[in-house]
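Below you'll find the structure, written out as structure tokens, and then a few comments.
As the structure lists them, so they are numbered: ligands from 1, and atoms in each ligand from 1. Just so it is clear, the model here is predicted, and its values are computed rather than measured. Heavy atoms only: backbone and side chains are in, while hydrogens, waters and symmetry mates are out.
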Amino acid sequence: MKTKGAILWGVGQEWSIEEIEIGDPRANEVTVELAASGLCHSDEHLVTGGTPVGSYPVLGGHEGAGVITEVGPGVTGLAVGDHVVTAFIPACGQCPPCSNGHQNLCDLGASLLAGTSISDGSYRVQAGGKDVVPMCLLGTFAPYITVHQASVVKIDPSIPLEVAALVGCGVTTGWGSATKVADVRPGETVVIMGAGGVGMNAIQGAAAAGALRVVVIEPVAGKHQWAKDFGATHVFSSVEEATPVVNEMTWGRMAEKAIITVGDIQGEDVQAAVSMIGKGGRVVVTGMGNAANMDVKLNLFEFTLLQKDLQGAIFGGANPRAEIPALLALYQAGQLKLDGLVTQKYSLAEINQGYQDMREGKNIRGMVVYTDADR
Ligand SMILES: [Zn+2]
Ligand SMILES: [Zn+2]
């Protein structure tokens, strides 16, 4: 099928909207007509080169929702007309990590950045006669995707698709970082560094888990009120500003948990977070860093003697097949805020503007909403 997509031809370039070819569904694949795609910081890492991919060109996007238009042979549990959210990590449900309740570590994630399809190792997207790597085996910066059934999760069709798309990455990543990986308990003090599309949901998750204080550190002042709206009890512009106040509030014990959600994590952010937690505390590293960056600042003396814990997290430790429907049910019950997260909508043609707005800190989440003009 011919359609349009936002293609990146190399590091440092802009997204180029051009005609692309999407394959028909092969064994265990479905074609989805997308309603929307979130603009996540992880795709910006393709532009900067911070995330290495198998090759260029790349079709960006990994946070989408839509309606199945075609199913290939062997597909089970999915039919034409089903509403689905994309899972940026496929979840087969059968490999050892999936069987252990760690679908976010599914073995099918092995080809996540190589871009070759799960079903037969072929490239399913072409642009200008060249094979294209779809981001996270999805490529939601196109109004149609043909993907493996492990990469989509069926949802309740009464949920607006533009809202549902959010749980494909940012919401679940942030929420799970607080509720599952940090394991926030009632009464705890939680520090969250960064209040973007992920951080805002770490705030919601920490508040829902019963945190006494949700302390947010976000340098962009324009996001401070938003952070409070989503459950922050205290908001600061820097670690230097937050440290004496957290120290005072906790009688010197400092926070139990800290979650780093900044979009482009640096080595020094780790020590900053570790310094915010007290004895036996845990730091969760959710934000993505440059793949080539090996430098972490860490006071080893303090880390050992105060028995601190430093834990990485992908997709908030969540199982897409369980957590995506569960979070949408919380949304339907009015216990999870999703509507206010999309601060600006864009057409596919406006995607570079969307990323410029993200760089300038203007959005919680920008969202591409597809119309007939994009298809
Ligand atoms: Zn993402
Ligand atoms: Zn699996």
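With a cut-off of 2.8 Å, the Zn ion (ligand 1) has an N, O or S atom of H62 in range.
Take the Zn ion (ligand 2) as the corner point: the lines to SG of C92 and to SG of C98 open at 120°, to the nearest 10 degrees. Put simply, the angle at the Zn ion (ligand 1) from SG in C169 to SG in C40 is close to 130°, to the nearest 10°. Taking the Zn ion (ligand 2) as the corner point, the angle from C106 atom SG to C95 atom SG is about 110° (rounded to 10 degrees).
Residues I364 and L341 come closest through the heavy atom pair CB-O, 3.3 Å.
By the 30° and 60° cut-offs, the orientation of the rings of H45 relative to H41 is tilted.
Between T146 and the choices T31, T69, D24, the side chain to side chain donor-acceptor pair (under 3.5 Å) rule is met once, by T31.
Residues N363 and Y346 have side chains that bring a donor and an acceptor to within less than 3.5 angstrom of each other.
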